[in-house]
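This structure is a prediction, so every number in the text was calculated from the model and none was measured.
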Amino acid sequence: MNDWNAYHYFEQSLGPFRNLSSLSADEAEAVTQQIRLQGRNFASRRSADYMAIRRTLEHRAYEQFVAKGGKPLQSYPHYLTLGACEWLSSWYSEPDHVLIPWGDLPVDVVSFTYGDLFPTMRFDDAKPYRKQIYTKDEIIEVIQTYGWPQEWNREGDKGPERYIEVQVWDERFIQPYTWV
């Protein structure tokens, strides 16, 4: 796989970069509850404490990124994948995606996890890429060492890592890709 573009998957009717973390705790809980009640997509299976866990993990990611020299401009990221991941399309009734070229991803406000932030930061299986945030330079080395999860774990039967996640910590960078 040599697809170094970043992809953001979303429900076509809602538009891209709708982020629960941008909402107050009460608003995020109301939206999460509505998604659960509708039961139409993958997000409807999230646990009741999803937002509390998410905010804790985002804070941990933020701190790691800053420690590595990142300069996040907000306290939560927008989420994308590095390389296409068709599995994510299955999360939506009417899937769509935004593509951002690798060269356009700004070093200071973009971090990566080898796998989704949730399992990456929570699994205790001693894999060396667990609980780690990577910079743009570092993720290249990680991919050279471990490959693309989208290739070696296409069916999700070899662990929780299904893709490489991109975290964008700057609303201004995302704005040109939103249309809602």
Test applied, side chain to side chain contact (heavy atoms under 4.5 Å, CB included); reference residue, Phe17; option that passes from Gln175, Glu171, His78: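 Testing Phe17 for a side chain to side chain contact (heavy atoms under 4.5 Å, CB included) against Gln175, Glu171, His78 leaves exactly one candidate, His78.
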Got a donor-acceptor contact below 3.5 angstrom from the [X] side chain to the [Y] backbone?
X: Thr120; Y: Tyr114; answer: yes
X: Asn153; Y: Glu161; answer: yes
X: Tyr163; Y: Glu86; answer: no
X: Thr135; Y: Glu138; answer: yes
X: Glu165; Y: Tyr79; answer: no
X: Glu155; Y: Asp157; answer: no
X: His97; Y: Phe10; answer: no
X: Lys68; Y: Ile133; answer: yes
X: Arg162; Y: Gln150; answer: no
X: Gln12; Y: Pro95; answer: no

Using a 4.5 Å cut-off on heavy atoms from C-beta on, say whether the side chain of [Y] contacts that of [X].
X: Ile100; Y: Phe173; answer: yes
X: Trp169; Y: Val110; answer: no
X: Ser75; Y: His59; answer: no

Could you tell me which residues satisfy salt bridge (charged side-chain N to carboxylate O under 4.0 Å, His left out) with Lys131, sequence neighbours excluded, listed by chain and number?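 Listed in chain order: Asp124.
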Can Asp3 and Tyr7 be counted as having a side-chain donor-acceptor contact under 3.5 angstrom?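 There is such a pair between these side chains.
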Honestly curious: do [X] and [Y] fall in one hydrophobic cluster under the side-chain, below-4.5 Å linking rule?
X: Leu57; Y: Phe65; value: yes
X: Leu117; Y: Phe123; value: no
X: Trp4; Y: Val107; value: no

Look at the rings of Trp102 and Phe112 and say which category their plane angle falls in: under 30° parallel, 30 to 60° tilted, over 60° perpendicular.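 Rings of Trp102 and Phe112: tilted, 30 to 60°.
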